[in-house]
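Positions are given from 1 along the sequence. Values reported hereafter were calculated over all heavy atoms of this structure, with side chains retained and with hydrogens, waters and symmetry mates removed. We count ligands from 1, going down the list as the structure has it; atoms in each ligand are counted the same way.
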Amino acid sequence: MVQSDTQRRSLHGQWSSRLTFILALSGSAVGLGNIWKFPYIAGVNGGGAFVLVYLVCVFVIGLPIMMSEILIGRRGRRNPIDTMRLLGEEEGGTKRWRVVGFLGVIASFLILSYYSVVAGWAVAYIFEGASGIFVDTDAVGVGEIFEELTGSWVTSGLWHTLFMVMTVFVVARGVKQGLERAVRILMPALIGLLLLLLGYSMIEGNFAEGVAFMFAPKFDELTSEGVLAALGHAFFTLSIGMGAVMAYGAYLPEETSIVATSFAVICIDTSIAILAGLVIFPIVFAYGLDPAEGPGLIFHSLPIAFGQLPGGTVIATVFFLLLTFAAWTSGIALMESPVAWLMESRGMGRPITAILIGTIIWAMGFLSILSFSALADFEFGWGTFFDNLDFLTSNIMLPLGGFAIAIFAGWIMCANSTSDELSMGVGRRYGMWRWFTRFVAPVAVMLVFLNAIGVI
Ligand code: PFF
């Protein structure tokens, strides 16, 4: 007998309002992905053409999958593993769907272990920036500052530790006292800081060139790997395909509209990625730096420019503060689903669970840290250990997780359950969601995959 969601309660409570849910979910979505990763992968994949493919992936594949994840989470009201097990049994007669939740929880561990390392650099750069160290420092000098940080596992490890402590601190306090409070302060602050930087970049940067770079499509520079990167990034930036959204959906009040909130979150996330590009590229171009420099774009190129700009010390500090806030609200989301799972399955208290999971992830993080020092020359698969983690999670695990979630919501769950959660009845709008979830999203994910591995 299918139990309706009204009878289920999450152990962890509920979001206080629809706005808090939007803030929490956009806090999860907006992170290093928007400010660090999006500009540099757009930079190396031909700018505008990549942006276009990315936008298509976000709206055509990301939106229906995000809606599916939230509705699954709210219907199950448990952590992703148990929600998938429970709904799998109710809707499809098998508990095996829990594997999807399980892979998602593993992805959370893997992602947070390297995410926290980069977030640690962001925290370190708040202090570097404020110290005025970049002022009049040339490219070589700025390169040395970055090398000193990343090349020393002790220094990098300390900043990574600090970031993990910040994240554990919030998650340990729970949904209302921890997660909600953090996003209510950090998200508005983040938007304020970003707008401030945008104004600055319009005045001091080469804005026209920045805009042209982001929006003029150079299709000849876009390869099939670039298309896969756009797809992987769409999943990564929206935090979908791994149960993080499902975990947040489990705390969503019944009356909140899933359609409207998903749409709002996707628009916020996309706007912030584009605005971040419009802050970064005009500054990069104003100093004749290379937009395709890769992962070092904001830690290496940008500080060279900050060192030359009027008020650069303040601007550098503000920029890395913004990056830290964004990473923090995402780190919290990455920890929530493993923590919820362990609490629910072992009956453990939240603070101890958060510390335990945080410690495991913290320890794993050292493998990524060493990828920039002792293990820098140890390359396999897609590069260093760090590169492999990034590629495996963003470009493989998340799209596959998203594919499975779409199949589950579109084909396994019965139309009554999904239309009930989406409160859409069975009208045209519901029909569209179902069509995108059953056909468009899974087929598109498969096509990009097959294309990237050279089958088509
Ligand atoms: N969406 C985050 C970003 O763009 O930085 C990364 C992320 C956070 C992925 C939370 C997955 C997740 F569960």
(message) Would L32 count as a polar contact of ligand 1, with the cut-off being nitrogen or oxygen pairs under 3.5 Å?
(response) yes

(message) Please confirm whether the ring centroid of F320 lies under 6.0 Å from the ring centroid of W121.
(response) no

(message) Taking 4.0 Å as the limit for heavy-atom contacts, which would you say applies to F236 with ligand 1: side chain only, backbone only, both, or neither?
(response) both

(message) Parallel, tilted or perpendicular, judged at 30° and 60°: which one describes the rings of W341 and F102?
(response) perpendicular

(message) If the cut-off is 4.0 Å to any non-hydrogen atom of L334, which atoms of ligand 1 fall inside it?
(response) 8 (C), 10 (C), 11 (C), 12 (C), 13 (F)

(request) Could you tell me the residue and atom name of the protein heavy atom closest to atom 13 (F) of ligand 1, and the distance to it rounded to 0.1 Å? (result) A244 CB, 2.9 Å

(message) If we only consider heavy atoms of W36, is any one of them less than 4.0 Å away from an atom in ligand 1?
(response) no

(request) Give the contacting part of A29 toward ligand 1: side chain, backbone, both or neither, where contact means a heavy-atom distance below 4.0 Å. (result) backbone

(request) State whether the shortest distance between N or O atoms of I111 and N or O atoms of ligand 1 falls below 3.5 angstrom. (result) no

(request) Could you tell me whether M242 approaches ligand 1 through its side chain, its backbone, both or neither, with non-hydrogen atoms closer than 4.0 Å? (result) side chain

(message) If you apply the rule side-chain contact (heavy atoms from CB on, under 4.5 Å), what do you find for F403 with F449, and how did you get there?
(response) CA-CA 11 Å; F403 177 82; F449 255 120; over 6 Å; no

(request) Specify the protein heavy atom at minimum distance from atom 7 (C) of ligand 1: its residue, its atom name, and the distance to 0.1 Å. (result) S239 OG, 3.6 Å

(message) Is T237 close enough to touch ligand 1? Criterion: a residue heavy atom under 4.0 Å from a ligand atom.
(response) yes

(request) Give a yes or no on whether a salt bridge exists between E90 and R85, defined as a side-chain N under 4.0 angstrom from a carboxylate O. (result) no

(request) Would you please classify the geometry between the F385 ring and the F380 ring as parallel, tilted or perpendicular, with 30° and 60° separating the classes? (result) tilted

(message) Less than 3.5 Å apart, any donor N or O on the side chain of W433 or T437 sitting next to an acceptor on the other?
(response) yes

(message) Quick check on contacts: which atoms of ligand 1 are under 4.0 angstrom from a heavy atom of Y115?
(response) 2 (C), 3 (C), 5 (O), 6 (C)

(message) Is it the case that ligand 1 has an N or O less than 3.5 angstrom from some N or O of L238?
(response) no

(request) Give the ring-plane orientation class for Y115 versus F236, where under 30° counts as parallel, over 60° as perpendicular and anything between as tilted. (result) tilted

(request) Establish, from distance only, whether the side-chain atoms of S371 and S368 form a donor-acceptor pair under 3.5 Å. (result) no

(request) May I ask you to decide if the ring planes of H160 and W362 are parallel, tilted or perpendicular, using 30° and 60° as cut-offs? (result) parallel

(message) Students should be able to answer this: which protein heavy-atom is nearest to atom 2 (C) of ligand 1, and at what distance?
(response) S28 O, 3.3 Å

